[in-house]
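Excluded from the calculations below are hydrogen atoms, water molecules and symmetry mates; all remaining heavy atoms, backbone and side chain alike, are included. Atoms within a ligand are numbered from 1 in the order they appear, just like the ligands themselves.
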Amino acid sequence: MDVASTAAMLHTLQDPTGIPSHPLIFQVLMVFTWVPHILFVNISLGAALMGLYAFTKRHDPHWQKLSEAMTKVAKVGVSLLVVLGVAPLLFTQTIYDPQWYASNLLSASWVIGFIFTLTIGYLAWFTFYLKNHGDHAPGWIFWLGVFGLAMFFLDGFIMHVLAYQGLHPEKWVEWYTPDGHVDMSGNSVHAYELVRWGFFMAMSVTVFGAFLIAYGDYFKVRADRGPAYLAFARKLGSQIAFVGAVAQVVLLLGWMLDVPAALKIWTHPMSWLLLIYLGVLVAAFAVARGSDTQGQGYKLLTLSIGMAGLVAIFREVLRMAYMAPFNYSVLDYKVLWDVPSFVLFLLTIVGVGGLMGGFIITLVYKAGRVSGVYQADATVSRLGVGSVAATALWVAGFMAVGIWIWLSNNG
Ligand code: HEM
């Protein structure tokens with residue numbers, strides 16, 4: 001399809017009712033809400049792989065402990081990555097609705113299959129988690145774990161396909177009508193980019209390695225996690241993270257080479273910033289690898305989170321470059337200001353999300369550092385009361401706005 005027709009198609013597919021506030025707000029939120037999603041993807045995939053590998057060495061007490069711990073990390077991590085995927089999904093489909101929906105329809109069977117494979121994959125992982133206790137855990141559960149992890153990989157790949165197909169609107173009609181016949185089955189995966197996909201997998205290695213070092217630091221106050229075990233975890237983490245960071249540099253170069261030259265991604269400052277940042281990460285993990293990383297876990301994890309932030313911006317820069325030839329800029333999206341719903345939305349993020357999120361994170365952080373029963377201190381209790389009150393207020397406010405609108409429409 002030629003450029004002018006593709007541009008016209010993209011603009012026609014946009015929601016004619018527009019969006020309720022400035023598109024830049026949605027774009028920024030889309031980029032930054034994706035960061036927690038991908039971090040939990042990275043930690044979960046890494047922890048699941050480590051949980052399985054350590055399981056095969058469970059005759060050694062350190063590996064056995066690590067297998068149990070990482071199996072649990074992946075169990076919690078997957079549930080969080082799913083929840084945290086919702087926010088970027090809402091923003092993507094708001095400002096990039098033509099791209100997201102067209103891509104979803106073109107591979108509809110895979111999108112629906114995503115739900116089922118994620119569900120059975122998670123059930124398999126959960127069963128592996130339930131049975132993975134002690135050095136006498138039955139060997140067959142390993143295959144349940146492998147199946148669960150394979151499903152998570154497949155789901156990540158489906159996510160990648162959906163994101164990537166959306167970048168090629170000039171090919172949609174051709175994919176929709178192969179050989180001149182309409183194909184409404186949605187059975188095909190039409191395009192993928194292995195280097196891009198590989199980059200996110202390598203990122204999982206880096207982030208998981210950094211997470212493991214931080215894990216070694218986090219539990220140092222717990223008597224039931226011996227210092228030798230924690231040092232073992234930290235050492236392993238620093239080796240893993242180094243390998244991941246090097247692989248990321250290689251795959252990023254491969255990814256940039258694969259992007260059409262006309263998009264000029266090599267001259268974009270964001271590409272260089274990411275490359276330099278990854279270089280710093282490689283250096284940091286190279287230094288950490290040779291020394292005792294005790295006390296450096298949080299610093300290295302923060303450095304890795306910073307990398308995820310840059311990757312998120314890079315992805316968006318790339319998407320803007322892919323869309324530019326078709327004159328598609330989210331900043332031109334039609335806006336129909338809806339101030340009350342926007343204010344409610346912001347208050348929800350700050351009030352309910354901030355307070356409740358803050359409460360849960362503080363609670364989990366503090367409770368995890370205590371073996372046995374955890375007794376909440378005054379600050380955590382106040383945060384808890386505050387977040388319940390904010391939620392109650394939010395529900396009351398939500399209902400009040402709804403009733404007010406309903407009454408004014410029927411008055
Ligand atoms: C095991 C399950 C999952 C894995 C491994 C996974 C992994 C990934 C990866 C690797 C990407 C980047 C793809 C790319 O840019 O090429 C991505 C993007 C994304 N994921 Fe996930 N994901 C999973 C589940 C979910 C779920 C359940 C949701 C929603 C509730 C979600 C929402 C998103 C969104 C919105 C994007 C960005 C799409 C875009 O910008 O076009 N993911 N995911």
If only atom types and distance count, is the side chain of Ser304 paired as donor or acceptor with the main-chain N or O of Leu300 below 3.5 Å?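 Judged by distance alone, yes, a pair lies under 3.5 Å.
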
Donor-acceptor contact present, side-chain Asn104 to main-chain Leu162, <3.5 Å: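 Flag not set: sc Asn104 to bb Leu162 has no pair under 3.5 Å.
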
Location of contacts on [X] toward ligand 1, heavy atoms closer than 4.0 Å:
X: Arg196; value: side chain
X: Trp34; value: side chain
X: Met30; value: neither
X: Gln99; value: neither
X: Leu89; value: both

Using a 4.0 Å cut-off to any heavy atom of [X], which atoms of ligand 1 qualify?
X: Phe114; answer: 24 (C), 25 (C), 26 (C), 27 (C)
X: Leu81; answer: 2 (C), 3 (C), 23 (C), 24 (C)
X: Gly156; answer: 4 (C), 5 (C), 6 (C), 7 (C)

Please verify whether a non-hydrogen atom of Phe91 lies at under 4.0 Å from ligand 1.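 Outside the 4.0 Å threshold, so no.
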
Nearest protein heavy atom with distance in Å, relative to [atom]:
atom: atom 37 (C) of ligand 1; value: Arg315 NH2, 3.5 Å
atom: atom 8 (C) of ligand 1; value: Met159 CB, 3.9 Å
atom: atom 25 (C) of ligand 1; value: His37 CE1, 3.4 Å
atom: atom 28 (C) of ligand 1; value: Gly85 CA, 3.9 Å
atom: atom 11 (C) of ligand 1; value: Ile38 CD1, 4.1 Å
atom: atom 41 (O) of ligand 1; value: Arg319 NH1, 3.1 Å

Between Tyr374 and Val370, which heavy-atom pair has the shortest distance, and what is it?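 Shortest heavy-atom separation between Tyr374 and Val370 comes out as CD1-CG2, 4.0 Å.
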
Carefully, step by step, assess Arg234 and Asp217 under the rule salt bridge (Lys or Arg N to Asp or Glu O under 4.0 Å). CA-CA 8 Å; Arg234 280 197 304 268; Asp217 277 344; 3.8 Å; yes

With nothing but distance in play, are any N or O atoms of His160 less than 3.5 Å from an N or O of ligand 1?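 So ligand 1 has an N or O lying under 3.5 Å from an N or O of His160.
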
Short N/O distance, under 3.5 Å, between Trp100 and ligand 1?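 No - when backbone and side-chain N and O of Trp100 are compared with those of ligand 1, no distance drops under 3.5 Å.
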
Mind checking whether [X] and [Y] have ring centres under 6.0 Å apart?
X: Phe114; Y: Trp110; answer: no
X: Tyr129; Y: Phe126; answer: yes
X: Tyr192; Y: Trp197; answer: no

May I ask which of Trp197, Tyr164, Phe152 has a heavy atom nearer to atom 1 (C) of ligand 1 than the others do?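 It is Phe152 that holds the nearest heavy atom.
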
Measuring from atom NE2 of His22 to atom CZ of Phe342, what distance do you get when rounded to the nearest 0.5 angstrom?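 Reported to 0.5 Å precision, the distance equals 10.5 Å.
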
Whether the [X] and [Y] side chains hold a donor-acceptor pair (N or O, under 3.5 Å, no angle test) is what I'd like checked.
X: Glu170; Y: His168; result: yes
X: Gln248; Y: Thr206; result: yes
X: Ser21; Y: Asp338; result: no

